[in-house]
Amino acid sequence: MGLTALCPGTFDPATNGHLDIIERAARRFDAVVVGVLDNPAKRPLFTAEERVQILKEATAGLPNVQVAAFSGLLVDAARQVGADVVVKGLRAVTDFEAEIQMAQMNRALAGVETLFMTTSPEWSFLSSSLVKEVARFGGDVSALVPPGVPERLRERLGGGA
Ligand code: PNS
């Protein structure tokens, strides 16, 4: 039986850093489910449907990747899709504290294992929050996000994204 990885995140919006992890996971697992979830610490700019649509367009060329939104706990999403592992990217040591806490909580709650992949160095500075900040002040983010995202940011925020 093949291995399924769940790549969870807020993806508000997806960046090239997220896609780097998704593409690399898709090469190593039989199936990848990209799970759009809510992080209670964040108030998203895009709806879950918009975030799913962006990811579907960006992963259209990856036949073993599916995208879906989930409400509630990550461990319930993992069970729902039959994921063997959760895969997340780590950009720097600053990500580590929050990520290890979540990984250990998910393991304690439901025995869900998390594997971390190191983000490719070219994207290690990138975050959805910074992309939104740059776009909000009119900066060009087109080299940092999948096609279609700068237009959506411009629509939502105004400015010269
Ligand atoms: O892209 P992010 O913001 O780092 O992703 C965080 C996310 C959405 C994976 C996390 O907030 C999450 O798992 N949310 C679902 C609710 C949940 O399970 N919370 C407990 C986590 S231990």
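One-based numbering, in listed order, for ligands and for the atoms of each.
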message = Would you compute the distance between atom CD of Glu122 and atom CG of Asp20 and round it to the nearest 0.5 angstrom?
response =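 If we round to the nearest 0.5 Å, Glu122:CD and Asp20:CG are 6.5 Å apart.
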ask   = Is there a donor-acceptor pair closer than 3.5 Å between any side-chain N or O of Asp12 and the backbone N or O of Leu45?
value =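 The answer is yes, because a donor-acceptor pair under 3.5 Å joins these two groups.
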query = Does any non-hydrogen side-chain atom of Phe29 lie less than 4.5 Å from one of Asp84?
reply =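 When only atoms from C-beta onward are counted, Phe29 and Asp84 do not touch, as no gap falls below 4.5 Å.
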task = Consider only side-chain heavy atoms of I, L, V, M, F, W and Y, link residues closer than 4.5 Å, and tell whether Val145 and Val134 are in one cluster.
result =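 Yes; Val134 is reachable from Val145 via cluster members.
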query = Do the ring planes of Phe116 and Phe96 sit parallel (below 30°), tilted (30 to 60°) or perpendicular (above 60°)?
reply =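 If you compare the ring of Phe116 with that of Phe96, the planes turn out tilted.
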ask   = Would you say the side chains of Glu57 and Gln53 form a donor-acceptor pair under 3.5 Å?
value =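 Result is yes, a qualifying pair exists.
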Would you tabulate the polar-atom pairs, meaning N/O of ligand 1 against N/O of the protein, with distances under 3.5 Å, reported to 0.1 Å?
from	atom 1	to	atom 2	distance (Å)
ligand 1	1 (O)	Thr10	N	2.9
ligand 1	3 (O)	Thr10	OG1	2.6
ligand 1	3 (O)	Asn39	ND2	3.1
ligand 1	3 (O)	Lys42	NZ	2.6
ligand 1	4 (O)	Lys88	NZ	3.1
ligand 1	14 (N)	Asp38	O	3.1
ligand 1	18 (O)	Leu74	N	2.8

